[in-house]
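Counting starts at 1 for both ligands and their atoms, in listed order. Computed from a predicted structure; not experimentally measured.
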Amino acid sequence: MSDDDETLDRAAHVRRDGEKLDAHLNDGRTILVPVWRGQHLVAEGRAVLPTMEELGAFVDRGFELAWLGMLGDRGCFALDISPVERPKEEERLREVGELSDLRFVAAMMSDRDVSLLKFARGLLHWHRNTAFCGKCGGKTKPREAGHVRECTNCGAKHFPRTDPAVMMLVTHGDRCLLARQAGFPQGMVSALAGFVEPGERVEECVERETMEEVGLRVRNIRYFDSQGWPFPQSLMLGYRAEAESDEIRLDEDELEEARWYTRAELESPQGFFYPPPFSLAHHLIQSFLDDD
Ligand SMILES: [Zn+2]
């Protein structure tokens, strides 16, 4: 286990340093971040970070590894344990923690743990979805400690992908707009969001998505903050924007419901809730409450 105060140094130079990588792989103290089909090992609100000594048997079985970086003086790898069919029956895993979706446990965790698990999740998701070359269909193999995949047929190199997406909190006077997508948990509403399209500026995307989803023209588009969101591979860019009118025209294919909320309603929600503190949506809504 490692000290929570140690933040990850991605130490990218090690990715191409075979000697250093071998030394970390052969060091029993090396830390592993196991990921099973998008889920993480968690115990008592903390990420379980076993050592090579504890889970090295999976590495010996050929499970995929990707270099994450240095935690203090120890190397750290993401370990894909997805090939295990029934993780609950694997003694080695069952003893150390439970598999959980990061979105449900992140609120309890340290920032260090959350960013470490997000990195491991995103990187391994990309590996599992890039087994074949997008150019020729040939098989790909990991290179550079899991930060490149190379096609064994045409030699094309593939790099981890991150898709930019916008999230915008649209306000009109002293109210802000929150909406529900059909797939949201029961009762949850959030800020509008959508993916940036090829060739588009982020601000254009904010304008377009707001127009498409709720029929509102916006102005005063201001960048707020961003959040790595590897569910599965996005980068959320948060914006505030002001609507020119309050007449909502809902796109029913995209949204189930959208309406204006006052600060009083958001301060003591009745019959609805908005995303928890771990999320960018929460911080956007909090910024609106703090405007007052
Ligand atoms: Zn190829």
Side-chain angles (χ1 to χ4, degrees), residues 8-26 30-40 52 55-70 75-85 87 99 101-103 115-166 193-202 204-205 208 226-237:
L8 183 76
D9 167 3
R10 293 195 179 204
H13 58 278
V14 177
R15 296 171 192 171
R16 294 189 198 194
D17 188 333
E19 240 170 75
K20 278 210 176 107
L21 284 169
D22 279 346
H24 289 301
L25 287 171
N26 291 313
T30 292
I31 293 165
L32 297 171
V33 183
V35 183
W36 185 80
R37 305 180 191 180
Q39 297 188 50
H40 301 281
M52 189 64 89
L55 285 196
F58 289 119
V59 180
D60 298 339
R61 278 160 69 180
F63 288 12
E64 233 163 82
L65 282 170
W67 173 250
L68 296 178
M70 297 293 296
C76 180
F77 291 86
L79 170 67
D80 190 357
I81 55 169
S82 302
V84 174
E85 271 308 319
L99 287 166
D101 185 310
L102 182 58
R103 284 166 289 190
S115 60
L116 195 59
L117 298 192
K118 286 202 296 186
F119 189 17
R121 187 187 203 280
L123 199 53
L124 293 181
H125 169 84
W126 168 75
H127 276 283
R128 292 182 69 74
N129 286 273
T130 319
F132 297 94
C133 175
K135 286 190 176 164
C136 78
K139 274 195 172 169
T140 64
K141 272 195 166 169
R143 293 276 183 263
E144 297 193 19
H147 288 262
V148 177
R149 288 191 77 95
E150 193 176 80
C151 177
T152 54
N153 182 47
C154 76
K157 285 185 172 181
H158 302 276
F159 299 90
R161 284 191 49 182
T162 297
D163 301 334
V166 292
F195 284 102
V196 180
E197 294 192 342
E200 191 172 46
R201 288 172 64 233
V202 180
E204 287 171 334
C205 179
R208 176 182 55 76
S226 66
Q227 183 175 43
W229 194 248
F231 305 98
Q233 54 181 29
S234 299
L235 166 65
M236 297 300 300
L237 301 158

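- Identified under the salt bridge (Lys or Arg N to Asp or Glu O under 4.0 Å) test for residues 132-147, with sequence neighbours left out: Arg16-Glu144, Arg143-Glu150.
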Mind listing the side-chain donor-acceptor pairs of residues 153-165 below 3.5 Å, one per line with the distance, residues two or more places apart or on another chain?
{"unit_1": "Arg161", "atom_1": "NH2", "unit_2": "Asp163", "atom_2": "OD1", "d": "2.7"}
{"unit_1": "Asp163", "atom_1": "OD2", "unit_2": "Gln233", "atom_2": "NE2", "d": "2.9"}

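- With sequence neighbours left out, Glu200 forms a side-chain contact (heavy atoms from CB on, under 4.5 Å) with Val196, Glu197, Glu204, Cys205, Arg208.
- Only protein atoms were considered; those of element N, O or S under 2.8 Å from the Zn ion (ligand 1) number 4.
- Between Leu117 and Val35 the shortest side-chain heavy-atom distance does not fall below 4.5 Å.
- From Lys20, atom NZ reaches atom CZ of Arg15 across 14.0 Å, with rounding to the nearest 0.5 Å.
- Met52 pairs in a side chain to side chain contact (heavy atoms under 4.5 Å, CB included) with only one of the listed residues (Leu79, Ile31, Leu25), which is Leu25.
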